[in-house]
Amino acid sequence: MDTRLWLALWTTLWLGGLVLFTGLAAAVIWFGAKDVVALLRSLAAGSRPEGEDQAPTEQGVTRT
Amino acid sequence: LGGETSAQLLERLSVPTNFGVADWAIVVVFLVVSTGLGLWAQKYMKNIGDYVVAGRAVRSYLGIATIIASEMGLVTVMYSAQLGFKNGFSAFHIAFIAATVSLIVGITGFIVVPIRRMGVMTIPEFYERRFGRDVRIFGGTILAASGILNMGMFLKADSIFVTSVMGMNSEFQLKIAMTIMLVLVLIYTVLGGMVSVLVTDYMQFVVMAIGLVATSVFLMVHFSPHTIVETVQNIRHEGGFDPFLAPDFGTAYVLWMVCLGLVSCCVWQTSVMRASSAATEKVVRQTFSWGALGFLIRFMVPYFWGICAIVYIASRPELRQVFLPSDGSDPGDITLRAMPIALAGLLPAGAIGILTAGMFAAAMSTYNTYLHTWSAVLTQDVVAPWFPKGLSSRTRIILARCIMVAIAVFLLVWGLWYPLGQNLWSYMAVTGSVYFTGAFAVLLFGIYWRRASKAGAFAAFACGFLGIVALAPVQKWLGLSRLAATALHRLAEIPGLAGLAHGVDPATFKLSEGVVGLTTWGTALLAMVVFSLLKPDPPRQAAASAAGGARVEGVAD
């Protein structure tokens with residue numbers, strides 16, 4: 001494949017990925033802060049917050 | 001270089017860094033606040049059971065933050081940046097393949113949906129249910145050995161980042177930094193216990209995400225796209241864009257990356273846990289489809305930083321002679337320092353401190369998780385099954401803590417002693433595949449093939465373990481490279497095969513990681529089939545296994 005085609009593929013992936021990740025990170029930072037507050041409140045009150053639940057998890061292998 | 005190695009030359013140079021007093025203050029304050037927050041949040045956890053309850057109360061955005069924070073360690077940034085520095089844009093193919101495979105797994109539900117149906121939480125649990133307890137112990141032992149070996153270079157790589165941004169480039173300073181970091185890791189892990197609770201993971205995500213995006217945007221503004229492309233073209237030529245022409249890659253390597261991408265999605269422990277803990281099969285598919293974005297970014301950002309390091313270093317003659325020798329030779333492990341040195345010289349004071357703090361936190365979170373994980377696997381899946389009456393909870397905790405300290409000491413000794421001799425990514429991939437090559441065969445046939453037997457599972461694990469010969473020092477020690485080169489020359493004597501030995505010099509020839517990886521991959525799959533056919537499980541056991549498998553999927557003969 002021509003070098004220019006490779007470059008076009010990598011540039012598209014890089015810019016597209018960065019934009020999508022920035023959007024995702026912004027949403028996670030904003031809404032995640034509310035989740036942290038809700039979690040601490042629920043633990044302090046001895047109950048779980050309303051909304052989505054996740055099944056219990058064990059400590060697991062992190063892919064790095 | 002006048003007889004000097006690149007490392008010796010770098011020690012003599014005064015490498016510029018913008019890391020100053022303000023940055024030191026930022027790093028120290030961040031570490032203190034992060035640890036303090038973790039300890040403060042623990043007052044809400046009355047016992048270990050509460051930790052699990054807290055896990056049940058995690059909402060989706062906080063869940064995403066913790067997944068990304070725990071999946072991206074400093075070592076990821078280091079090995080990816082090294083690949084970007086050495087191979088330019090060609091390295092992007094690994095991120096592209098990982099993301100594509102994750103998307104395909106998400107759409108098809110390959111392996112992960114059957115695992116969700118079976119409801120297992122760990123891979124060794126699957127081994128026991130499908131093949132029996134001894135397969136669980138054998139698989140768990142190889143899993144832990146491979147995982148600890150895989151972790152072996154973490155301390156060195158992370159210390160290289162920290163010392164490089166601080167302008168300390170000597171081997172002695174690296175050793176001191178490794179020792180200090182190990183002590184910090186142990187204090188952090190033992191004092192805090194499960195300090196990486198959700199609050200600190202969230203905080204780490206915020207710092208890390210801002211650091212990743214801001215640094216990338218800064219680099220894109222600082223270097224024009226034209227300068228970056230032109231420099232990569234001049235330094236790395238076509239191999240800087242085309243992975244099939246890059247010196248570190250090639251066709252076999254690219255194909256091996258496809259296999260690794262598949263395994264990362266299906267066989268790695270976090271993936272299995274994510275599949276098992278999802279509320280519905282639809283959620284499993286969505287998680288893996290969206291996970292593609294995570295795979296893409298966690299590799300591409302450091303690749304890009306490594307590429308920018310080429311531009312930074314190419315414009316500085318004193319650094320250029322160290323990292324980009326004019327004779328085209330490979331400067332070796334020292335290329336791990338290229339990205340942090342470039343960032344320390346480019347980012348303004350304050351910004352480099354925030355980035356270092358984020359990376360430091362990412363590293364601590366990774367150590368914490370890994371030390372707990374491998375000590376838990378060894379205790380639960382390897383040692384405990386030997387005691388039919390079981391071990392008390394207290395004994396298990398003491399055992400796990402002893403193993404944790406032993407692993408920490410191993411990290412220091414291995415990091416100081418082991419001669420890497422290949423890209424850090426290749427080391428990670430090879431040590432990882434020692435386990436998951438066999439594990440993939442066992443999972444694949446265990447789920448989809450009724451006749452898969454215990455003998456086949458043992459054979460597949462053993463064949464997967466052979467992948468360890470892809471480690472450069474092991475090849476050298478066993479003399480395999482010379483043996484393979486001689487064999488190729490012998491084969492080339494056969495009419496029609498003369499091309500096989502073209503350019504193969506027995507003195508310098510090295511078996512590529514891709515070739516070894518693909519060979520062991522195929523051998524493990526073949527061994528699983530052949531040994532299952534040669535030595536099927538006894539009828540009673542086969543019926544029990546099939547019952548376990550039948551709950552997984554419509555198992556086919």
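Sequence lines set the chain letters: A, B, ... in the order given, protein chains first and strands last, and positions in each chain run from 1. None of these values were measured; they are calculated from a predicted model.
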Could you pull out every donor-acceptor pair under 3.5 Å between side chains of residues 206-219 of chain B and any protein atom, sequence neighbours left out?
unit_1, atom_1, unit_2, atom_2, d
B:Thr215, OG1, B:Gly211, O, 2.6
B:Ser216, OG, B:Leu212, O, 2.8
B:Ser216, OG, B:Trp305, NE1, 3.2

Q) Considering the options A:Trp10, A:Trp14, A:Phe21, which one meets the side-chain contact (heavy atoms from CB on, under 4.5 Å) requirement together with B:Met300? A)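 Among A:Trp10, A:Trp14, A:Phe21, the one that satisfies the side-chain contact (heavy atoms from CB on, under 4.5 Å) with B:Met300 is A:Trp14.
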
Q.
Please identify which of these residues, B:Phe244, B:Phe89, B:Phe92, meets the side-chain contact (heavy atoms from CB on, under 4.5 Å) condition with A:Trp6.
A. B:Phe244

Is it the side chain or the backbone of [X] that comes within 4.5 Å of chain A heavy atoms, both, or neither?
{"X": "B:Tyr303", "result": "neither"}
{"X": "B:Val301", "result": "both"}
{"X": "B:Met220", "result": "side chain"}
{"X": "B:Phe304", "result": "side chain"}

Q.
Return the CG to NE2 distance between A:Leu9 and B:His93, rounded to the nearest 0.5 Å.
A.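 Answer for the CG-NE2 pair, A:Leu9 versus B:His93, is 12.0 Å.
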
(Q) As an exercise, state the distance from NE2 of B:His237 to OG1 of A:Thr3, rounded to the nearest 0.5 Å. (A)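 With rounding to 0.5 Å, NE2 (B:His237) is 12.0 Å from OG1 (A:Thr3).
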
Q.
Is there a side-chain contact between A:Leu13 and B:Leu296 in this structure, where contact means two heavy atoms from C-beta onward sitting under 4.5 Å apart?
A. yes

Q: Tell me, for A:Ala26 versus chain B, whether the close heavy atoms (under 4.5 Å) come from the side chain, the backbone, both or neither.
A: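 When you check distances to chain B, no heavy atom of A:Ala26 falls under 4.5 Å.
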
(Q) Please check if the number of heavy atoms outside B:Gln233 that lie under 6.0 Å from its CD is greater than 12. (A)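 Count over threshold, so yes.
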
